[in-house]
Undergrad: 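Below you'll find the structure I mean.
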Amino acid sequence: MRIPDITPGARVLAFGHYQPSTIVTNDDLAKNMDTNDEWIQSRVGIKERRVAGPAESLEDMATQAGGKALAASGLSAEDIDLVIVATCTLESQIPNAAAVVAHRLGIDSPGAFDVNAACAGFCYALATASAAVRGGAARHVLVIGAEKLSQWVEWTDRSTAVIFADGAGAAVVGPSDEPRIGPVVWGSAGDKSEAIAIADRDSFLRQEGQTVFRWATTALHPVAKEACERAGVDPSELTAFVPHQANLRIIEAIARKLGADQAVIARDIVHAGNTSAASIPLAISRMIERGEVRSGGLALLLGFGAGLTYAGQVIEIP
Ligand code: UT7
């Protein structure tokens, strides 16, 4: 027996993203529920979010984001041999989104599977892609985070409707002479699994906001520090910190405790809302597009959410 094509490292070649065109402001939401712009901005940090219409599916958004990442990578569909979609809001239980999206992008017979680790899903999928490339199971992997949370949120429930939104982000992962995706630190706290749930196909998303808020602001900065440590990077060397866009107060609390003073902190939530597994690739792709971070710099990604699950890793920005 032999294992072919072992490569010493993996890297992100490019990111891409897609957002639906409909913008929902806080004032729009206040027309249907007892909330207001001042509360949402001060407690969550969101000014507006994007929501897909009934005709726009999760697979549509994932295909758009994946196609953009593929184009930006300079590769073509035939170079991709594995597609992973991180999502927790797919309408159909089967088929998975990955096979559908791969087919739409003209990727011929790739490995294709979905990952459900909720808002941590993209970091889980990226770690899996990196391991697949390094282990010789795939040469190039398309990793997509895509969510249509709008179809699982009750639009009169102010505890969830003001937070969640729709969108997709994607990355192309390929081989590298040296590691440019650091070791993942991942884990879960299943004792708190009831804190965020969609109980069954007839239910809406419910969350115990304060339970999750307390956990996120106390348990995650050690994970962020460990991801840096395992990559051999001091937080002061980070060009960017891109945590899951859950709540601006959570983002700022973790950033403060991490001490990444030089890093640009992703605050995409202000205009994109909380898009669960899509939020990290969406945020970093938009930061790159706006020229806020330099190619070759180091970014710490940190996903966390329902499960409760978490995962983080340092990557080199493409
Ligand atoms: O992405 C998945 C992971 N999820 C998260 O990370 C979510 C973590 N949790 C949070 O982000 C926050 O807990 C929320 C944004 C969900 C809620 O913010 P909070 O500061 O924890 O508010 P709260 O639930 O403690 O409510 C404070 C007050 C209450 O009023 P009283 O009892 O103090 O009079 C609520 O009834 O704010 C009220 N309230 C609202 N008022 C206006 C709750 N929601 C709203 C609202 N608009 N939308």
Side-chain angles (χ1 to χ4, degrees), residues 24-50 86-89 115-124 145-150 152-169 187-190 192-198 204-221 223-224 242-255 257 266-270 272-283 301-312:
V24 176
T25 65
N26 295 340
D27 288 338
D28 292 334
L29 293 175
K31 290 175 194 151
N32 297 323
M33 65 194 94
D34 182 15
T35 190
N36 57 77
D37 180 55
E38 197 280 326
W39 191 95
I40 300 171
Q41 284 207 47
S42 62
R43 303 295 273 246
V44 198
I46 298 174
K47 288 188 180 176
E48 60 186 24
R49 75 282 292 139
R50 300 290 182 108
T87 187
C88 60
T89 52
V115 165
N116 181 351
C119 309
F122 182 79
C123 293
Y124 275 80
E147 302 284 10
K148 190 174 176 184
L149 280 142
S150 58
W152 295 100
V153 160
E154 189 171 21
W155 283 95
T156 48
D157 174 9
R158 69 179 185 171
S159 70
T160 53
V162 304
I163 299 169
F164 294 108
D166 302 335
S188 57
K192 296 181 187 60
S193 59
E194 283 171 14
I196 313 176
I198 300 172
F204 293 111
L205 188 153
R206 302 280 179 228
Q207 75 168 349
E208 297 164 24
Q210 286 193 5
T211 305
V212 183
F213 189 94
R214 264 196 307 278
W215 171 77
T217 50
T218 54
L220 292 173
H221 63 280
V223 176
V242 189
H244 166 49
Q245 302 291 293
N247 180 321
L248 197 56
R249 289 187 294 146
I250 295 176
I251 293 167
E252 282 170 355
I254 300 174
K257 292 178 182 178
R267 294 184 173 84
D268 205 46
I269 188 169
V270 176
N274 177 339
T275 57
S276 190
S279 86
I280 290 174
L282 183 56
L301 315 183
L302 180 68
F304 55 90
L308 301 177
T309 56
Y310 56 87

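Just follow the structure's listing: the first ligand is 1, and inside any ligand the first atom is 1. When a residue number appears, it is its place in the shown sequence, counting from 1.
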Undergrad: Quick check: do L248 and V44 have side-chain heavy atoms less than 4.5 Å from each other?
TA: no
Undergrad: Within the side chain of T35, is there an N or O that forms a donor-acceptor pair under 3.5 Å with the backbone of R158?
TA: no
Undergrad: Can you list the atoms of ligand 1 that are under 4.0 Å from a heavy atom of V212?
TA: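 Counting atoms of ligand 1 from 1, those under 4.0 Å from V212 are 3 (C), 4 (N), 5 (C), 6 (O), 8 (C).
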Undergrad: Hey, is I163 touching ligand 1 through its side chain, its backbone, both or neither, going by heavy atoms under 4.0 Å?
TA: side chain
Undergrad: For K47, does the NZ atom sit with more than 12 other heavy atoms under 6.0 Å from it, leaving out its own atoms?
TA: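 Atom NZ in K47 is not crowded, with 12 or fewer foreign heavy atoms closer than 6.0 Å.
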Undergrad: For M33 and ligand 1, answer yes if some heavy atom of the residue is under 4.0 Å from a ligand atom, otherwise no.
TA: no
Undergrad: Checking side-chain hydrogen bond (donor to acceptor under 3.5 Å, both in side chains) between R49 and each of N26, N274, T25, which is the one that passes?
TA: N26
Undergrad: With heavy-atom distances below 4.0 Å as the criterion, list the atoms of ligand 1 near I250.
TA: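 Answer for ligand 1: 6 (O), 8 (C).
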Undergrad: Atom 4 (N) of ligand 1: protein heavy atom closer than 4.0 Å?
TA: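 For atom 4 (N) of ligand 1 the answer is yes, since some protein heavy atom falls inside 4.0 Å.
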Undergrad: If you compare all heavy atoms of L302 against all heavy atoms of A224, which two are closest, and at what distance to 0.1 Å?
TA: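 Closest heavy-atom pair between L302 and A224: CD2-CB, 4.1 Å.
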Undergrad: Main chain of K192, side chain of E208: is a donor-acceptor contact present, judged purely on distance under 3.5 Å?
TA: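 A pair under 3.5 Å: no.
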Undergrad: Does some non-hydrogen atom of R249 fall short of 4.0 Å from ligand 1?
TA: yes
Undergrad: Would you say ligand 1 has an N or O under 3.5 Å from any N or O of N274?
TA: yes
Undergrad: Using protein heavy atoms only, decide if any is under 4.0 Å from atom 18 (O) of ligand 1.
TA: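 Answer yes: something from the protein, a heavy atom, is under 4.0 Å.
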Undergrad: Which residue and atom name correspond to the protein heavy atom nearest atom 36 (O) of ligand 1, and how close is it?
TA: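 The closest one turns out to be R158 NH2, 2.8 Å.
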Undergrad: Compute the shortest N/O to N/O distance between G209 and ligand 1 and return yes if it is under 3.5 Å, no if not.
TA: yes
Undergrad: Passes side-chain contact (heavy atoms from CB on, under 4.5 Å), T211 versus E194? Steps please.
TA: CA-CA 10 Å; T211 305; E194 283 171 14; over 6 Å; no
Undergrad: Do any nitrogen or oxygen atoms of Q207 lie less than 3.5 angstrom from nitrogen or oxygen atoms of ligand 1?
TA: yes
Undergrad: Considering heavy atoms of the protein only, find what lies nearest to atom 21 (O) of ligand 1 and give residue, atom and distance to 0.1 Å.
TA: Q210 CG, 3.5 Å
Undergrad: Verify, without hydrogens or angle tests, whether E147 (side chain) and C88 (backbone) share a donor-acceptor contact under 3.5 angstrom.
TA: yes
Undergrad: Got the closest protein heavy atom to atom 12 (C) of ligand 1, with its distance?
TA: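 Here the nearest protein heavy atom works out to N247 ND2, 3.9 Å.
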Undergrad: Run the numbers for me: atoms of ligand 1, each under 4.0 Å from some heavy atom of H244, listed by number.
TA: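 Numbered from 1, ligand 1 contributes 1 (O), 2 (C).
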Undergrad: Can you tell me if Q245 uses its side chain to pair, donor with acceptor, with the backbone of P243 under 3.5 Å?
TA: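 Answer holds: yes.
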Undergrad: Counting distance only, does the side-chain N/O of Q207 pair as donor-acceptor with the main-chain N or O of I196 below 3.5 Å?
TA: no
Undergrad: Hey, is T35 touching ligand 1 through its side chain, its backbone, both or neither, going by heavy atoms under 4.0 Å?
TA: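 Looking at T35 and ligand 1, atoms from backbone and side chain both fall under 4.0 Å.
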Undergrad: Any protein heavy atom sitting closer than 4.0 Å to atom 29 (C) of ligand 1?
TA: no
Undergrad: Report, in ascending order of atom number, the atoms of ligand 1 lying under 4.0 Å from any heavy atom of V162.
TA: 48 (N)
Undergrad: May I ask you to identify the nearest protein heavy atom to atom 27 (C) of ligand 1, giving residue, atom name and distance to one decimal place in Å?
TA: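 The closest one turns out to be R43 NH2, 3.4 Å.
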Undergrad: For Y310 and L220, what are the C-alpha separation, side-chain angles and deciding distance, and is it a side-chain contact (heavy atoms from CB on, under 4.5 Å)?
TA: CA-CA 8 Å; Y310 56 87; L220 292 173; 3.8 Å; yes
Undergrad: Distance to 0.1 Å, residue and atom name: give those for the protein heavy atom nearest to atom 39 (N) of ligand 1.
TA: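 Result: W39 CZ2, 3.5 Å.
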Undergrad: Just jot down the ligand 1 atoms closer than 4.0 angstrom to any heavy atom of C119, in number order.
TA: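 It comes down to these atoms of ligand 1: 1 (O), 2 (C).
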Undergrad: Do side-chain atoms of T89 reach the backbone of K148 as a donor and acceptor pair under 3.5 angstrom?
TA: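 Checked: pair present.
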Undergrad: Please list, in number order, the atoms of ligand 1 under 4.0 Å from a heavy atom of V44.
TA: 15 (C)
Undergrad: Give me the ring orientation class for F304 and W215: parallel if the planes are under 30° apart, tilted from 30 to 60°, perpendicular past 60°.
TA: perpendicular
Undergrad: Establish whether atom 34 (O) of ligand 1 and some protein heavy atom are separated by less than 4.0 angstrom.
TA: no
